[in-house]
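Presented below is the structure to which this report refers.
First the proteins, then the strands, lettered A, B, ... as listed; each starts at 1. Keep in mind that this is a model prediction, so the values were computed, not measured.
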Amino acid sequence: MKNNQKIYDVAIVGGGVTGCNIARELSRYSLKTVLIDKNAEVGFGTTKSNSGIIHAGHHNTPATLKGRLVVRGNQLFDQLCRELNFGFSRIGELVVARTPEDLPVLERLKEQGKSKGVPGLEIWDKNRLLHEEPNLSHNLLGALWAPTAGVINPYEFVFALIESAIENGVELKVESPVQKIGQEEGHLVVQTPTEKIHSRFVLNAAGIFADQVARMAGLDDFTIYPRKGEEYMLDKRLKGLVRHLIFPVPLKTTKGILIIPTFDGTIMVGPTAQDVGDRHDIATSYEGSHQVFDFVRQICPSINERDTITEFAGLRAVSDTDDFIIGPTKVKGFINVAGIQSPGLTSAPSIAEYVLEILRQEGLKLHERKNFKSHVAGPPRFALQSLKEQGERIGKDSRFAKVVCRCELVTEAEIHDAIDHGARTLDGIKFRSRAGMGRCQGGFCTSRCMGILSERLKIPYDRVTKRGGDSWMVQKMKDESSC
Amino acid sequence: MLGRMEEKYDVVIVGGGPAGLGAALGARDAGAEKILIVDREPEAGGILLQCIHSGFGLHYFKEELTGPEYAQRFIEKVIDQDVDVIPEAYISGVVTDSEGSKRVRVMHEKRGLHTIDCQSVVLAMGCRERTRGAIQIPGTRPSGVLTAGLAQKFVNMLGYLPGKRVAILGSGDIGLIMARRLVLEGCEVVGVYEIMPYSNGLTRNVVQCLEDFNIPLHLSTTVAQIHGRDRLEKITVAPVDKNLKPDMKRAKDVVCDTLLLSIGLIPENELSQGLGIRLDPVTSGPVVSSTLETSLPGMFACGNVLHVHDLVDFVTREALLAGRFAGEWAQGVRRPTDNIRLVPGENVRYCVPHTLSPGRDHMISMRCKEPMKPCKIKIGDLMEKKLRFVVPAEMIMMRLHPDLLDRFHGDSVRVDITPVEAVKP
Ligand SMILES: Cc1cc2nc3c(=O)[nH]c(=O)nc-3n(C[C@H](O)[C@H](O)[C@H](O)COP(=O)(O)OP(=O)(O)OC[C@H]3O[C@@H](n4cnc5c(N)ncnc54)[C@H](O)[C@@H]3O)c2cc1C
Ligand SMILES: Cc1cc2nc3c(=O)[nH]c(=O)nc-3n(C[C@H](O)[C@H](O)[C@H](O)COP(=O)(O)OP(=O)(O)OC[C@H]3O[C@@H](n4cnc5c(N)ncnc54)[C@H](O)[C@@H]3O)c2cc1C
């Protein structure tokens with residue numbers, strides 16, 4: 001090794017919600033930490049394609065690691081939200097009983113939750129249920145009420161985490177697919193197409209690719225089986241159709257198909273659960289759509305697929321053990337944070353605590369930094385402000401008066417703010433500012449956002465991408481390219 | 001351009017496309033004094049500014065103009081008539097006080113958040129295009145799947161191509177026009193796929209944009225799957241059965257890097273909805289009376305925000321009327337409420353306006369549900385007109401003479417389109 005070679009203390013492979021939570025936890029300490037992701041921005045893996053639920057914890061048995069980490073994860077969200085200002089709201093969850101056989105299951109879930117310390121669980125009878133949720137089917141028999149369940153904008157959460165981590169000294173390397181992991185003089189070497197990254201510890205938080213990353217380090221002890229979930233977003237006009245998360249009594253493999261009033265009020269239905277062979281298969285399907293809508297209509301009869309404004313699919317990283325695989329390995333310094341399937345989003349903050357404990361046991365010295373800055377401002381969200389606040393904003397920065405996205409009322413100032421906070425792609429802008437997320441799905445604002453990105457990043461339009469890689473938007477006309 | 005903007009107007013018009021421009025002229029003709037047009041974009045003209053092909057104005061000017069030329073003629077007239085035009089301003093709300101006068105909330109980069117008092121308002125916000133989500137095409141979500149109007153903006157306004165090998169889903173006019181445009185720019189257009197057994201575009205566009213360029217139009221066919229990780233790689237196309245479900249046994253893959261969607265337009269009524277204006281679920285535009293007044297007194301609507309038009313000439317005609325009534329309203333003219341409902345009957349998807357009054361000149365716009373030829377349109381027992389054909393893509397306009405309703409006593413008139421025996425030559 002050359003003398004001037006930088007050796008990191010910790011290199012995290014994978015910038016999903018797992019990797020970003022760990023990065024931010026590590027940034028509290030005087031360490032050299034780097035986070036490496038193959039995509040153009042963090043959070044573009046499973047983390048942006050899920051149900052966005054912060055689970056209360058009653059669904060998972062305490063016999064599993066995920067069942068133990070989920071309750072603590074849930075508890076950490078109030079503090080995180082205060083510090084990082086992402087969209088999060090504890091709207092509560094109702095597990096509804098459709099048949100008499102479901103009723104004892106509600107009791108069992110309640111007991112399971114109570115034993116794990118999930119607060120506030122109650123059984124509601126039919127009257128109470130329909131009083132609170134009048135649009136649900138009158139055939140339902142009752143429900144389990146879990147007040148601490150919440151909804152979150154997961155992409156806002158990871159963007160805020162990484163911003164906070166960077167602010168506190170963590171380095172971020174995007175568009176850096178890890179291809180090889182080797183050992184050298186007592187530390188590990190992580191190789192991307194452009195560089196070798198030396199680090200004492202390597203954390204494998206590569207989501208559905210975690211088994212492949214483990215194999216790069218010479219480990220062959222687990223496999224990830226991607227399980228696809230399709231989700232369907234409905235038009236904003238249905239806001240208020242249900243006010244709480246609506247779950248059926250859980251099925252064997254998943255928590256079933258849900259009705260989710262997202263943080264922004266849009267109703268989302270899904271997910272399906274289908275084992276797929278291909279780790280890139282995030283295609284939605286006719287079958288998936290039928291399955292989702294046929295199912296949720298039994299619970300909420302007025303939901304109609306014609307109100308869909310967009311759909312997407314995500315892949316759960318299911319491991320052989322069907323549980324999280326977190327811990328040190330035969331390769332010194334290489335630590336798995338793998339198999340992070342649902343409730344991975346909820347558990348991510350407690351996974352980070354757990355991983356730090358492992359690092360400590362493995363010999364990493366953790367000295368708290370004195371100047372740790374915990375606060376991140378969060379996006380300005382013009383549309384959510386009162387008229388008075390809007391007037392004041394415009395008075396201070398006239399770009400707030402220029403509406404870019406009409407469906408979601410997003411202003412030019414917010415597009416610039418997204419870029420200031422790290423957006424480098426159209427999806428990056430969309431997930432930070434909501435421009436293009438509404439019912440016209442970017443029909444009007446795409447070209448405006450491309451213009452601003454092109455100007456700010458000093459790149460021509462044909463180098464602006466939807467989400468990095470080969471996702472180009474436009475090409476040069478032939479006469480220009482020939483001259 | 002900053003433009004003049006005062007604090008009080010007779011008529012404020014939301015949107016400066018052909019509808020807004022026409023409404024301003026109509027209001028001026030009716031004698032309204034102070035008129036303001038507000039548009040979000042840097043220039044008035046609306047969607048016409050990106051339609052650089054010719055074919056506009058055949059009805060109104062009796063000559064073939066390009067979109068920007070058509071818009072320019074109206075912009076000049078409007079400026080000539082001393083109408084104030086404020087670009088780059090966004091109308092985010094309207095409140096009505098107990099006396100019926102209105103305050104319009106305007107956001108403007110240079111002026112900040114403002115309110116303007118006025119007597120009447122014309123809604124002319126235009127429409128937007130339906131997107132992939134609206135029809136749920138299964139598959140992945142790569143770049144390269146975009147609406148035809150956005151592609152039109154890329155090519156005509158920004159000077160970039162949306163891709164090289166292009167398929168088009170839906171045979172709406174914008175898609176047809178873009179098929180020709182892209183071929184002229186050196187792209188390969190592999191085909192237009194239309195789920196219905198007939199085209200959704202104007203016949204002249206099918207001939208001039210597809211047939212003349214040997215671009216195949218596949219009817220009763222849809223895109224059943226989208227493939228590609230970062231960028232679109234190919235699509236699966238399949239013929240559909242009677243229920244419009246794809247027959248996957250006869251599906252095949254078509255390699256392309258771009259899929260344009262030309263699958264319909266939807267009136268842009270966020271603002272109207274926010275104000276509590278009643279909307280027609282079929283048109284997705286406001287319910288209007290024979291004076292093109294919405295369910296909120298003193299608020300009028302015209303152009304694509306009211307219902308989607310295929311020809312800009314018809315937008316202008318409707319806008320002149322809406323502007324006239326808005327102008328009269330601002331001067332205190334109040335007319336009796338309409339007392340006759342206009343009801344879509346056999347093979348009629350919708351009619352605008354929704355109500356009529358005796359003694360008034362009416363212009364009725366309608367669309368059929370299915371193609372039919374030859375046929376007749378019956379407006380109750382009042383009027384009958386034979387047509388060689390009707391197709392859903394072409395709006396039908398009929399003038400209803402004022403005396404016709406004088407003899408009428410019911411409370412509703414039904415409109416039917418029914419087949420007639422072909423007349424042998
Ligand atoms: C449909 C669905 C619904 C869900 N709903 C919920 C829910 O409501 N609540 C909940 O708690 N959980 C939910 N989950 C689970 C949750 O989304 C995941 O557990 C969580 O997002 C996993 O995050 P991660 O960071 O481990 O993985 P990811 O977000 O996939 O991150 C892994 C990262 O690693 C990067 N990477 C991979 N390979 C390499 C490489 N070789 N080099 C560099 N970088 C690499 C990827 O680019 C990616 O950014 C759901 C999951 C799905 C699929
Ligand atoms: C992409 C596209 C291509 C078309 N091509 C053709 C064609 O080739 N030939 C043809 O005859 N017809 C064509 N049409 C039909 C065309 O829409 C109509 O002929 C006509 O342009 C509609 O006029 P409008 O004024 O109602 O709407 P628009 O032209 O859309 O104008 C509406 C205006 O209102 C503004 N606006 C909206 N909301 C606000 C707000 N809250 N505050 C301020 N301003 C606002 C918008 O920015 C816009 O400038 C096309 C339509 C589209 C969408």
Side-chain angles (χ1 to χ4, degrees), chain A residues 232-233 237 280-289 305-306 308-313 387 390-395 398-403 406-407 409 411-412 426 438-444 446-447 450-451 460-462 465-480, chain B residues 40 88-90 92-93 105-114 125 128-144 146-147 149-151 153-155 157-164 185-187 224-231 245-246 248 257 266 268 270-271 273:
Chain A
Y232 293 79
M233 294 288 271
R237 140 182 104 64
H280 296 285
D281 179 4
I282 46 166
T284 51
S285 64
Y286 286 119
E287 300 74 33
S289 162
E305 52 264 53
R306 278 206 301 270
T308 307
I309 59 161
T310 186
E311 60 270 317
F312 63 83
L387 273 179
Q390 291 185 339
E392 286 166 9
R393 284 263 190 207
I394 293 174
S398 62
R399 294 174 309 177
F400 277 108
K402 283 180 110 174
V403 176
R406 330 182 185 170
C407 305
L409 196 74
T411 64
E412 196 177 290
L426 289 172
R439 51 172 70 127
C440 99
Q441 290 287 302
F444 278 102
T446 300
S447 62
M450 285 172 68
Y461 276 72
D462 54 326
T465 64
K466 179 169 160 59
R467 52 166 170 267
D470 200 24
S471 65
W472 51 272
M473 296 296 295
V474 294
Q475 294 193 347
K476 286 205 177 67
M477 293 224 175
K478 58 179 183 300
D479 41 336
E480 271 179 75
Chain B
R40 219 171 50 105
E88 297 197 281
Y90 186 83
S92 60
R105 202 160 60 229
V106 190
M107 290 164 63
H108 187 277
E109 193 181 6
K110 304 263 159 45
R111 297 187 162 96
L113 196 60
H114 256 269
M125 290 92 76
R128 63 162 177 269
E129 297 176 275
R130 290 177 77 207
T131 57
R132 174 177 175 186
I135 55 168
Q136 284 193 36
I137 313 173
T140 52
R141 312 192 60 75
S143 74
L146 66 162
T147 63
L150 180 57
K153 202 164 182 180
F154 286 156
V155 180
M157 313 289 280
L158 303 175
Y160 284 94
L161 299 176
K164 286 283 159 63
E185 289 300 335
C187 303
Q225 179 102 17
I226 285 171
H227 309 264
R229 214 189 289 169
D230 286 349
R231 179 73 194 189
K245 291 275 166 290
M248 295 310 284
D257 63 19
I266 309 171
E268 177 87 29
E270 264 69 37
L271 179 64
Q273 259 174 323

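- Between chain B and the options A/S447, A/G391, A/S285, heavy-atom pairs under 4.5 Å are most frequent for A/S447.
- Here B/S143 is the residue among B/S143, B/P162, B/G149 with the most heavy-atom pairs under 4.5 Å with chain A.
- Comparing B/A224, B/G93, B/G228, B/S92 by how many heavy-atom pairs each has under 4.5 Å with chain A, the most go to B/A224.
- Annotation: side chain of B/F154 is in contact with side chain of A/M450 (closest heavy-atom distance under 4.5 Å).
- Take A/E305 and apply the salt bridge (charged side-chain N to carboxylate O under 4.0 Å, His left out) test, not counting sequence neighbours, and it matches A/R297.
- Under the side chain to side chain donor-acceptor pair (under 3.5 Å) criterion, A/R393 pairs with A/Q385, not counting sequence neighbours.
- If you tally non-hydrogen atom pairs under 4.5 Å between each of A/I309, A/D281, A/V403 and chain B, the highest count goes to A/V403.
- B/G159 and A/M477 get closest at one heavy-atom pair: O-CG, 3.3 Å.
- Ranked by heavy-atom pairs under 4.5 Å with chain B, the first of A/Q441, A/R467, A/H280, A/M233 is A/H280.
- Heavy atoms only, all atoms of each residue included: B/L150 and A/G442 are closest at CD2-O, 4.3 Å.
- When heavy atoms are compared at a cutoff of 4.5 Å, B/R105 approaches chain A solely by way of its side chain, counted from C-beta outward.
- By number of non-hydrogen pairs under 4.5 angstrom with chain B, the leading residue of A/E311, A/K466, A/K402 is A/E311.
- You'll find the side chain of A/R237 reaches within 4.5 Å of the side chain of B/Q273, heavy atoms only.
- With respect to B/E268 and A/R406, a salt bridge is recorded, a charged nitrogen being found less than 4.0 Å from a carboxylate O.
- Of the two parts of B/V106, neither the backbone nor the side chain holds a non-hydrogen atom closer than 4.5 Å to a non-hydrogen atom of chain A.
- The choice from A/L409, A/I282, A/D470 that makes the most heavy-atom pairs within less than 4.5 Å of chain B is A/D470.
- Of the listed residues B/Q136, B/K153, B/M107, B/E129, the one with more heavy-atom pairs under 4.5 angstrom with chain A than any other is B/Q136.
- Neither the backbone nor the side chain of B/I266 comes within contact range of chain A; no heavy atoms are under 4.5 Å apart.
- Across all their heavy atoms, A/F444 and B/R40 have their closest contact at CD2-NH2, 4.0 Å.
- Put simply, the side chain of A/M473 does not reach to within 4.5 Å of the side chain of B/Y160, judged on heavy atoms.
- For A/S471 against B/D230, the heavy-atom pair with the smallest separation is CB-O, 3.3 Å.
- Considering only heavy-atom pairs separated by less than 4.5 Å from chain A, the leading option among B/A89, B/A134, B/P138, B/G112 is B/P138.
- When each of A/I394, A/T284, A/T411 is checked for heavy-atom pairs under 4.5 Å with chain B, A/T284 comes out on top.
- By the 6.0 Å contact criterion, CZ on B/R229 is open, its count of non-hydrogen atoms from other residues, nucleotides or ligands being 12 or less.
- Both the backbone and the side chain of A/F312 come within less than 4.5 Å of a heavy atom in chain B.
- The main-chain N or O of B/G133 is never found under 3.5 Å from a side-chain atom of A/T310 such that the two would form a donor-acceptor pair.
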